[in-house]
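The structure appears below as structure tokens.
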Amino acid sequence: MFSDVSGLEVLTLVVMAIIIFGPDKLPKLIQDTMGFIRKIRSFADNAKEDIRTELGPEFQDFEFEDLNPKNFVRKQLMGGQDDPLGLKEMKDTLDIRSVLDDKPSAPVNGRSGGVSFEKSAPAAASTGAPLAPGERPPFDPDAT
């Protein structure tokens, strides 16, 4: 957090604090500031514990840092220990080149008959059946 503050800047802040507050009031000010920080930390910890107890026993290992989108993506895509959404398996079985080359895709999760992106005629157009009132015709991307 303070990695970009140099030693000279810290020294300047200490000298200014001594000049502004004086050497007799500075220890009391530091003590009060540290007490305030401890109270804020304990308040935050108590709030987190209350949220965990309200969520129930299945969320006892819940970490609030995982709510940050960067941490979530890093944990899921960069080899996190657990994979509740199945993203790792999906990443391993997905073959982007077959989808881009319009080839039938490889079986997913051991099932044959993967998704094919070949063009086919719409069902209603091939049968020539009239549409019922309120029914929409099927989407045809080549109709433009």
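For the side-chain contact (heavy atoms from CB on, under 4.5 Å) criterion with Glu49, the lone passing option out of Thr53, Asn46, Asp45 is Thr53.
Tracing side-chain contacts under 4.5 Å through hydrophobic residues (I, L, V, M, F, W, Y), one reaches Met34 starting from Leu29; they form part of the same cluster. Leu13 is not connected to Leu26 by any chain of hydrophobic side-chain contacts under 4.5 Å among Ile, Leu, Val, Met, Phe, Trp and Tyr, and they are in different clusters.
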Between side-chain atoms of residues 36-43 and protein atoms elsewhere (two or more places apart, or another chain), which donor-acceptor pairs fall under 3.5 Å?
| residue | atom | partner | partner atom | Å |
| --- | --- | --- | --- | --- |
| Ser42 | OG | Arg38 | O | 3.4 |
| Ser42 | OG | Lys39 | O | 2.9 |

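Every residue two or more places apart in sequence or in another chain that forms a side-chain contact (heavy atoms from CB on, under 4.5 Å) with Ile51 is listed here: Leu55, Phe64.
A pairwise comparison of heavy atoms in Thr12 and Leu8 identifies OG1-O, 2.8 Å as the closest pair.
For residues 21-30, the side-chain hydrogen bond (donor to acceptor under 3.5 Å, both in side chains) pairs, not counting sequence neighbours, are Lys28-Asp32.
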